[in-house]
Amino acid sequence: MEYKQRTVTCGELRKADDGRLVVLNGWVHRDRNHGGIHFINLRDRYGITQVVVGEQAPEEVVRTAEKLRVEFCIAVEGIVHARPASMVNAEMATGEIEVEVTSLQILSTCDPVPFLIDEESDAKEDTRLRYRYLDLRSNGMQKRIKLRHDFVKAIRDYLCGRGFYEIETPTLIRSTPEGARDFLVPSRIYPGKFYALPQSPQLLKQILMVSGFDKYFQIARCYRDEDARGDRQLEFTQLDLEMSFVKRDDVLLLMEQLFGYVFERTMDVKLPEHFTRLSWHDAMNTYGVDKPDLRYGLPLTDVDDLAKESTFGTFKAVLEAGGCVKALRAPASDTVAFTRKYITELEDAAKVYGAKGLAWMKIGSNHTLEGGVSKFFVGQERALIDRMEANEGDMILFVADQWKKTCNSLGAVRIKLARDLKLFDPKDFAFCWIIDFPLFEFNEDRGHWEAAHHMFSMPQAQYLDTLESDPGSVKGDLYDLVLNGYEVASGSIRIHDIELQKRIFRICNIPDEESEVRFGFLLNAFRYGPPPHGGIAPGIDRMVMIMAGQSSIKEVIAFPKNTAAVSPMDDAPSYVDQNQLDELHLIIKQPEQKG
RNA sequence: GAGGGUGUAGCGAAGCUGGUUAUCGCGACGGCCUGUCACGCCGUAGAUCGCGGGUUCGAGUCCCGUCACUCUCGCCA
């Protein structure tokens, strides 16, 4: 098809272009037809320009303009005119000019659209995903996809400047389960054998260290066959990074410098030079989560001693059973009244994590306690109010249970309170490091210890003698990066010693014969002079999501899947031909029909 | 696997304790309109109220089941 190709984009014409003859290509964003005069907002990636078909327009142009509908793709040739002062649109970057059309061509037509292209679509997510190509035309999606591009570009620029190599690793690899479920790819050539899609390039990047590529990174797609969430998809993208001859602080420092550079360049946001560091235990104990949102305070406070002296039997029973009592101050609010109904909402949040209840009391005037469980704390008013740093109108909330349940439950209440009471600026970015993670946790279902992160993380030196005798207390050289309450990166210094690695495997119930089969290639590599090494893997989707002020990573992924692991646009996954199954030596066993 | 929420026209929503012809906005279609910029005005079409069953003289509304979407717990080394 012959058509006039653009000489300018829809976002760039200004007053100084007055009088120029230009060609624009783009989509009809809005078409205001006044009978004798058409105003067409023409849109492309770069912006929107008003083009006008007026009385002087050639008859053929007028006839074509009559046919235009929203989202038609068109080519326009015309003359740029500065608008008179009274007609300037200050809202638009190009609002000082308009283009008087001298030639108009429809490049393609558009069916009636299921939803209008706006800043943000108000259609339901399902509809947006089904028509993702239209949804992506919206300014909001265009901005977010651009932010993601800028973010990744800045990462590449920075790391390449620091001497890193970007190296690709395969996406068809050996299955090394443990942790998440693998996606499997059947081998046509070897009946019954499968490749796996990588959950992360973990082992491959460690082997690259053995190979001497001492500064490696990759923008890596990772796959985990688990249920999706707002901040989780079954495929996602990580900045995978590994370095040799580094210790923990080298990795942390590099990340602080990297994100300092990236945030300044992509968002014009200046981050602190260093991020707060919290031990895993302190994070859990003080904020009730291993990924605390430090845009606000509201620490959980230990009140074991006060509870013990109180007359509240429930608390005392929990303490005697070895549990703990923690309290949280809910600051008085102009917008949220602490009604019975609201307290029930808070209690429901606590119960999600297993708390049996949420005790409460209110702070009255002159250091008095009112309502709820206050009657059990007679004589302790002053001590409790001082401990909680509470003021009149505040509420104090208590959970009593085993330590972890107490922390998790009250931590959930803390998060809900902060959201409801708007205790933080959504434009803030609060990074923090969580360090000193336990290396193992006991899996009750399987009856053995498992790696809390993964099995390749280095135990801290002081625990090397007690790995087997007391796995539960071993801390690892592990670190998570947390941003605004989301885990955005996770890493560790790795084991590079065969014997130590085998000890870890054994503690995780993997005997030597089995680890040789499953991880033999790594162990073999470690026989050939492996360097000390460590790394980290920030999640690109989550970070961009937070930077874009969104709460779902679907908002920063061009073609995401829904919570049911389906892509509504192309309807993946789908059945395949019998021929394809035959070639792959697969027989499908249909699940039994329900009912 | 479990819990909460939602499902009404192409899209977004209203529809209170069951009661005539299911309402509104956007969009679509037709007409009018020379300065709009979410243009405006007049008119028209468009809905098996997610699906199946039940209660009832009568169900969008109540009950049971089921499906889809969504958030959360489990799960996510």
Side-chain angles (χ1 to χ4, degrees), chain A residues 29-42 48-57 62 69-71 81 83-84 86-92 94-95 98 100 110-131 134-135 176-182 198-200 202-203 222-234 236 345 348-349 351-354 408-409 412 415-416 437 439-441 443 445 449-457 476 478 487 490 492 504-505 508 510 537 539 551-552 554 562-564 566 568 594-595:
Chain A
H29 186 65
R30 295 287 187 274
D31 175 17
R32 293 178 295 279
N33 178 358
H34 287 242
I37 184 166
H38 286 259
F39 298 99
I40 298 154
N41 283 359
L42 192 63
I48 293 177
T49 296
Q50 171 163 289
V51 302
V52 184
V53 176
E55 53 184 350
Q56 322 87 319
V62 173
R69 295 292 179 271
V70 162
E71 298 305 318
H81 293 300
R83 298 194 202 179
S86 62
M87 293 172 198
V88 165
N89 184 343
E91 307 285 302
M92 293 171 72
T94 61
E98 62 190 10
E100 181 201 342
C110 180
D111 287 353
V113 287
F115 48 83
L116 268 185
I117 311 304
D118 269 316
E119 175 70 25
E120 298 289 349
S121 173
D122 57 0
K124 272 178 287 211
E125 188 171 276
D126 196 36
T127 312
R128 291 176 56 203
L129 293 185
R130 191 167 304 281
Y131 299 95
L134 292 178
D135 188 43
T176 54
E178 188 70 23
R181 211 171 283 120
D182 273 338
Q199 295 181 24
S200 80
Q202 180 62 34
L203 300 182
C222 305
Y223 306 86
R224 295 178 190 175
D225 190 3
E226 300 290 348
D227 290 349
R229 277 286 199 295
D231 62 351
R232 250 162 55 191
Q233 286 263 304
L234 32 88
F236 61 99
E345 274 183 43
D348 289 343
K351 282 179 172 173
V352 168
Y353 287 89
N408 285 151
S409 303
I415 291 168
K416 179 173 166 53
F437 278 82
L439 197 60
F440 303 104
E441 52 190 36
N443 185 318
D445 295 336
W449 291 92
E450 288 185 343
H453 268 65
H454 59 55
M455 292 184 291
F456 313 102
S457 296
L478 291 154
E487 178 197 315
S490 187
S492 63
I504 301 289
F505 284 147
C508 295
I510 301 174
S551 55
S552 166
K554 293 171 200 157
N562 65 17
T563 37
V566 168
K594 272 197 267 181

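Naming: A, B, ... by sequence-line order, numbering from 1 per chain. Keep in mind the model is a prediction, meaning the values are calculated, not measured.
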Would you say the side chain of A/R83 lies within less than 4.5 Å of the side chain of A/Q50, judging by non-hydrogen atoms?
yes

Say you draw a straight line from CG of A/N41 to CG of A/D31; how long is it, rounded to the nearest 0.5 Å?
9.0 Å

So what is the 5' to 3' dot-bracket string for RNA chain B, if pairs are Watson-Crick or G-U wobble with both distances under 3.5 Å, crossing pairs use [ ] and | means the partner sits on another strand?
(((((((..((((.....[...)))).(((((.......))))).....(((((..]....))))))))))))....

Can you check the distance between B/C49 and B/U61, where both ends of the measurement are the C1' atom (answer in whole Å)?
10 Å

Inter-nucleotide C1' distance (B/C24, B/G19), Å rounded:
22 Å

Considering only heavy atoms from C-beta outward, does the side chain of A/Q199 approach that of A/T176 to under 4.5 Å?
no

C1' gap between B/U17 and B/G7, integer Å
23 Å

Take a 6.0 Å sphere around CD of A/E91 and say whether it holds more than 12 heavy atoms from other residues, nucleotides or ligands.
no

Going by modelled atom types, is there a donor-acceptor pair between the base of B/C37 and the side chain of A/N89 at under 3.5 Å?
yes

Determine, answering yes or no, if A/F39 is stacked on B/U36 under the 5.5 Å centre rule and the 30° plane rule.
yes

At less than 4.0 Å, is any side-chain N or O atom of A/K124 found next to OP1 or OP2 of B/U8? Yes or no.
yes

A/H34 aromatic ring stacked with six-membered ring of B/C39, 5.5 Å and 30°:
yes

Considering only heavy atoms and no angle criterion, is a donor-acceptor pair shorter than 3.5 Å present between the side chain of A/R128 and the base of B/C11?
no

Rounded to the nearest Å, what distance is computed from the CG atom of residue A/D122 to the P atom of nucleotide B/A13?
8 Å

Whole-Å C1' distance, B/C64 and B/G46:
33 Å

Inter-nucleotide C1' distance (B/U55, B/G18), Å rounded
12 Å

In whole Å, what separates the C1' atom of B/U23 from that of B/G15?
7 Å

B/G54 versus B/U70 - spacing of their C1' atoms, nearest Å
29 Å

List in chain and number order the residues that pass salt bridge (charged side-chain N to carboxylate O under 4.0 Å, His left out) with A/D225, two or more places apart in sequence or in another chain; answer none if no residue qualifies.
none

Quote, to the nearest angstrom, the C1' distance that separates B/U48 from B/G25.
24 Å

Rounding to a whole Å, what distance do you find between A/R130:CZ and B/U70:P?
10 Å

Let's test your reading of the model: under 3.5 Å, does the base of B/U70 pair with the side chain of A/E125 as donor and acceptor?
no

To the nearest 0.5 Å, what is the distance between CZ (A/R30) and CD (A/E71)?
8.0 Å

Determine the contact category for A/G179: base if any of its heavy atoms lies under 4.0 Å from a base atom, sugar-phosphate if only primed atoms, P, OP1 or OP2 are that close, otherwise nothing.
sugar-phosphate

Gap between atoms OH and P, on A/Y353 and B/U72 respectively (whole Å)
9 Å

Rounded to whole angstroms, how far apart are CZ on A/R30 and C1' on B/C39?
12 Å

